[in-house]
Amino acid sequence: MKNYITTPIYYVNGEAHIGHAYTTFIADTLARHSRLIGNETYFLTGTDEHGQKIEEAAKKLDKPTQQFADEISATFRNLWDEFNISYDQFIRTTDAEHKKGVQVAFAKMFENGDIYKDFYEGNYCVSCETFFPESQLMDGGCCPDCGRATTILKEESYFFRLSKYEKPLLDYYEAHPEFILPKSRRNEVISFVKGGLNDLSVTRTSFSWGVHLPESLNEPKHVMYVWLDALMNYVTALGYGTDEAKMDFWPANTQLVGKDILRFHAIYWPAFLMSLGLPLPKHIGAHGWWTRDGEKMSKSKGNVVDPREVSKHYGVENFRYFMMREVPFGQDGDFSQRALIDRMNSDLSNDLGNLLNRIIGMSEKYSDFVINSVDVEKYHTKELNDAHAILDSLDTYLNELQLHRYLEELWKVFSIGNKAIEEHAPWVKIKEGRNDEALATVALVANLLAKASVMLHSIMPSTTSTIADALGFEITTKSYTKLIVNKELLESFTIKKIPPLFPRVDEPLMQEAPKAMLDEAPIAEPKPKMEDKKETTVSEEGLITIDQFFQTSIKIGTVLNAEEVPKSSKLLKLQVDLGEEYPRQIVAGIREYYSAESLIGTQVCVVANLKPAKLMGLLSEGMILAAKDSDGLCLVRPEKPRQSGSSVG
RNA sequence: GGCUGGGUAGCUCAGCUGGUUAGAGCGCUGGUCUCAUAAGCCGGAGGUCGGGGGUUCGAGUCCCCCCCCCGCCA
């Protein structure tokens with residue numbers, strides 16, 4: 001079976017971020033899995049390099065446009081190489097074959113009457129490369145997407161008869177419920193199309209950095225609309241319009257996109273394909289976005305997650321496992337070091353890594369590292385059957401792009417292993433001289449690990465290869481067939497004593513940006529061991545009663561305004577809302593650590609029933625709580641915003 | 001404003017066409033084993049299933065109203 005998987009081509013207006021990595025990881029996982037189970041697989045990714053925005057960005061840097069595109073494109077490609085992405089082709093829309101292919105497609109659409117010439121006039125956003133109707137513009141005629149100013153543009157343009165495909169598209173969605181995944185997105189697309197489709201302007205004369213129209217049309221002024229150009233990459237990569245040798249990979253099985261570009265892929269793209277008489281892809285999968293510590297990422301906030309940075313500190317495959325496991329396909333996910341660390345420790349170290357270590361230890365003590373499956377079926381049919389049932393069910397999840405469920409299920413195999421060891425306690429059996437039984441349990445777990453590793457391989461290719469190597473086999477289509485399809489067991493082998501694959505992570509490995517650090521939930525102290533527990537951890541001396549404590553009124557305050565106190569290097573004068581009629585004026589000695597601007601709009605804890613005092617002649621009606629150590633001072637703040645005036649205690 | 005989807009344990013979520021004491025993972029907590037990476041295993045606490053009506057012998061699950069969140073569209 002042929003299986004074609006694509007990511008979108010990434011626009012070269014900036015470097016790769018976590019979203020690009022996420023899409024690419026999913027696609028790579030699908031591609032690797034497809035190859036593993038023996039499909040003939042083609043995995044495409046690449047870069048989208050045309051358009052006015054690129055032309056202008058290059059001009060700003062005083063670089064030739066092509067050179068600019070070359071450079072950014074290379075950063076993507078390098079990152080994917082660094083991340084061990086198994087793409088078969090990295091296409092660029094500036095590739096000669098691609099341009100040729102798009103022209104062939106354009107000519108064909110023109111010939112069959114789906115493209116015609118007219119005029120377009122409207123408010124155009126250069127940044128988004130989109131026209132917006134008057135009604136959609138924001139105040140002052142700004143772009144509703146990016147907020148930048150739009151300009152009125154009237155230009156001669158070729159149009160694609162999108163309106164003609166309204167009905168065929170709706171019919172197709174109806175007949176193919178699995179075309180758009182997840183379902184919630186499908187509904188959105190359908191309701192959009194039902195709202196009516198306008199013909200699509202597909203050429204521009206306002207800039208020249210793009211694919212020119214076919215020579216037969218003799219329209220040197222026009223270049224193609226970036227989306228027509230970009231979308232066609234999925235077939236030009238296979239040689240559409242040039243050398244069509246690979247076109248038998250079409251239609252694609254799965255085309256992954258971010259939710260922001262679903263409309264283009266679920267409406268325009270299938271319409272183009274219909275016009276060209278090509279079949280439509282089986283699935284368009286729209287995934288969600290990532291936030292950081294619960295907040296939207298943006299350059300201005302400085303909280304953007306650099307995938308390279310994360311993988312450098314935590315390992316690409318751990319990062320990748322986290323992304324695939326953490327969030328249901330289609331949903332937005334939240335990245336935080338805490339969540340990543342929790343996943344790594346709990347799933348990878350405790351469940352998987354430790355399990356491998358357990359059998360290494362036992363086989364060392366009981367059988368000089370030799371593991372033999374001879375007696376596994378005799379003593380552990382139940383466990384084997386349970387595990388096989390789980391392994392058999394996994395494909396379903398993968399087909400629905402439910403990778404988190406896939407992993408969730410797969411992990412039950414490790415659980416079977418851990419439970420089996422407990423239940424059969426090989427160390428007891430050895431003492432009783434029932435060596436066969438003890439060794440059978442060890443071998444059972446080795447087999448469970450082997451089988452699970454095969455199924456984990458497409459998500460953690462290198463790590464699972466290491467596991468397989470320790471278990472004396474190699475993960476290939478052949479071993480997949482043997483261990484998973486035919487449910488066979490491992491040959492006798494000598495297990496390798498390898499150091500722990502997933503050392504526990506006790507504290508964040510990555511330096512946080514200052515802002516993010518404030519927002520990061522405090523890392524829980526490792527809980528003290530039972531025997532360390534004393535009656536109390538404080539001496540009786542100087543203790544107060546709870547009533548005494550509540551004599552202090554601590555409230556949450558929102559900083560409405562902040563300014564520096566003249567002639568003072570330490571003091572800031574704040575106006576803080578405590579939910580009272582008027583804000584309090586509070587003078588605080590925190591200027592060395594916090595700028596006035598950075599405080600406005602944030603929340604602090606305030607001692608509200610403190611006798612007012614004068615500092616530098618200014619009245620201060622409260623005290624702000626802060627903690628100080630040798631590294632400096634930081635404010636004590638609510639973890640999440642609370643209403644001004646909420647009491648703390 | 002229109003249309004989807006959703007509001008279930010501290011957190012993230014599962015609960016199909018209504019049916020015994022509402023589930024999982026993580027977290028918290030008690031116990032326990034010792035092969036193992038302060039890992040594993042067993043047990044426990046914790047939910048008026050957004051609110052209010054209604055249908056029904058019986059509703060988280062169906063109907064109506066209201067509140068709130070996300071998304072798409074305007």
Side-chain angles (χ1 to χ4, degrees), chain A residues 132-138 144 180 182-197 259-260 262-263 266-267 286 288-289 291 294 296 322 325-328 330-334 336 338-367 369 371 402 404-405 407-412 414-431 438-439 441-442 444-446 449 495 497-506 521 523-533 639-640:
Chain A
F132 292 99
E134 200 77 45
S135 62
Q136 273 191 37
L137 295 181
M138 307 211 308
I180 299 164
K183 275 227 170 70
S184 49
R185 295 288 162 197
R186 174 173 181 262
N187 296 340
E188 281 175 16
V189 171
I190 291 176
S191 77
F192 184 89
V193 175
K194 279 187 176 159
L197 296 175
K259 63 182 182 181
D260 50 325
L262 176 63
R263 200 199 296 176
I267 300 173
W289 285 348
T291 54
K296 224 173 169 168
F322 167 77
R325 175 63 185 82
E326 190 73 2
V327 31
Q331 308 256 71
D332 286 351
D334 185 53
S336 69
R338 189 70 255 150
L340 171 58
I341 292 170
D342 283 349
R343 275 277 167 232
M344 288 173 62
N345 285 344
S346 161
D347 297 357
L348 298 176
S349 307
N350 296 355
D351 295 342
L352 197 182
N354 185 47
L355 184 59
L356 175 61
N357 243 29
R358 295 179 86 175
I359 61 164
I360 292 177
M362 285 189 275
S363 58
E364 175 172 20
K365 291 191 172 118
Y366 308 152
S367 62
F369 296 111
I371 292 182
Q402 296 288 350
H404 80 295
R405 288 280 286 131
L407 288 167
E408 192 181 353
E409 285 303 305
L410 179 57
W411 244 249
K412 291 182 180 167
F414 300 127
S415 180
I416 292 175
N418 274 316
K419 283 183 169 67
I421 294 178
E422 210 59 42
E423 191 183 329
H424 295 272
W427 47 94
V428 174
K429 301 272 165 68
I430 289 284
K431 276 185 200 151
L439 296 182
T441 304
V442 175
L444 165 74
V445 174
L449 279 167
I495 197 167
K497 187 173 183 174
I498 55 171
L501 282 173
F502 309 101
R504 288 179 61 84
V505 179
D506 287 322
I523 303 306
E525 287 291 321
K527 60 175 177 185
K529 284 284 279 184
M530 283 311 297
E531 50 268 34
D532 296 344
K533 260 195 189 160
E639 189 201 355
K640 291 176 183 161

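Side chains are part of it too, since the values below use all heavy atoms of this structure and drop only hydrogens, waters and symmetry mates. First the proteins, then the strands, lettered A, B, ... as listed; each starts at 1.
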Test side chain to side chain contact (heavy atoms under 4.5 Å, CB included) on A/L197 and A/F192; report intermediate values, then the result. CA-CA 8 Å; A/L197 296 175; A/F192 184 89; 3.9 Å; yes
Donor-acceptor pair under 3.5 Å, A/N357 side chain vs B/rA36 base: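 It does not, because no donor-acceptor pair links the side chain of A/N357 to the base of B/rA36 below 3.5 Å.
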Quick check for you: to the nearest 0.5 Å, what is the distance between [X] atom [atom1] and [Y] atom [atom2]?
X	Y	atom1	atom2	answer
A/S363	A/I495	OG	CD1	4.5 Å
A/I371	A/I360	CD1	CD1	8.5 Å
A/N357	A/L352	CG	CG	11.0 Å
A/I359	A/L444	CD1	CG	9.5 Å

Starting at atom [atom1] of [X], determine the distance to atom [atom2] of [N], rounded to an integer number of angstrom.
X	N	atom1	atom2	value
A/H404	B/rU12	NE2	P	14 Å
A/W427	B/rA36	CH2	P	10 Å
A/R343	B/rG27	CZ	C1'	12 Å
A/E188	B/rG2	CD	C1'	14 Å
A/E423	B/rC42	CD	C1'	12 Å
A/N350	B/rC35	CG	C1'	16 Å
A/L407	B/rG25	CG	C1'	13 Å
A/K194	B/rC72	NZ	C1'	14 Å

Do any N or O atoms from the side chain of A/N345 and from the backbone of A/R504 form a donor-acceptor pair under 3.5 angstrom? no
Ignoring hydrogens and geometry, is there a side-chain-to-backbone donor-acceptor pair from A/S191 to A/E188 under 3.5 Å?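 Flag set: sc A/S191 to bb A/E188 pair under 3.5 Å.
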Check every atom of [options] against the side chain of [X] and return the nucleotide holding the closest atom.
X	options	value
A/L501	B/rC41, B/rC13, B/rU37	B/rU37
A/K365	B/rC41, B/rU37, B/rA36	B/rA36
A/N354	B/rC41, B/rU4, B/rU37	B/rU37
A/R504	B/rC72, B/rU37, B/rC41	B/rU37
A/S346	B/rG71, B/rC26, B/rU37	B/rC26

For a quick check of understanding: with a heavy-atom distance under 4.0 Å over all strands, which category does [X] fall into, base, sugar-phosphate or nothing?
X	result
A/P426	nothing
A/F502	base
A/G353	base

Is there a side-chain contact between A/K429 and the phosphate of B/rC35, meaning an N or O under 4.0 Å from OP1 or OP2? no
Could you give the distance separating [M] and [N] at their [atom1] atoms, to the nearest angstrom?
N	M	atom1	result
B/rG43	B/rU55	P	42 Å
B/rC63	B/rG18	P	11 Å
B/rU48	B/rU32	C1'	36 Å
B/rU29	B/rA45	P	16 Å
B/rC70	B/rC16	C1'	24 Å
B/rA22	B/rG44	P	14 Å
B/rC41	B/rA36	C1'	13 Å
B/rG47	B/rG2	C1'	35 Å

Determine which nucleotide pairs with B/rG25, using a 3.5 Å limit on both distances of a Watson-Crick or G-U wobble pair. B/rC11
Does B/rG1 pair with anything, Watson-Crick or G-U wobble, both distances under 3.5 Å, and if so, with which nucleotide? B/rC73
If you find the nucleotide of RNA chain B closest to A/I360 and the one closest to A/K419, which residue's nucleotide is nearer the 5' end? A/I360
Can you work out whether A/I421 or A/S191 has the more 5'-proximal nearest nucleotide on RNA chain B?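 The residue closer to the strand's 5' end, by nearest nucleotide, is A/I421.
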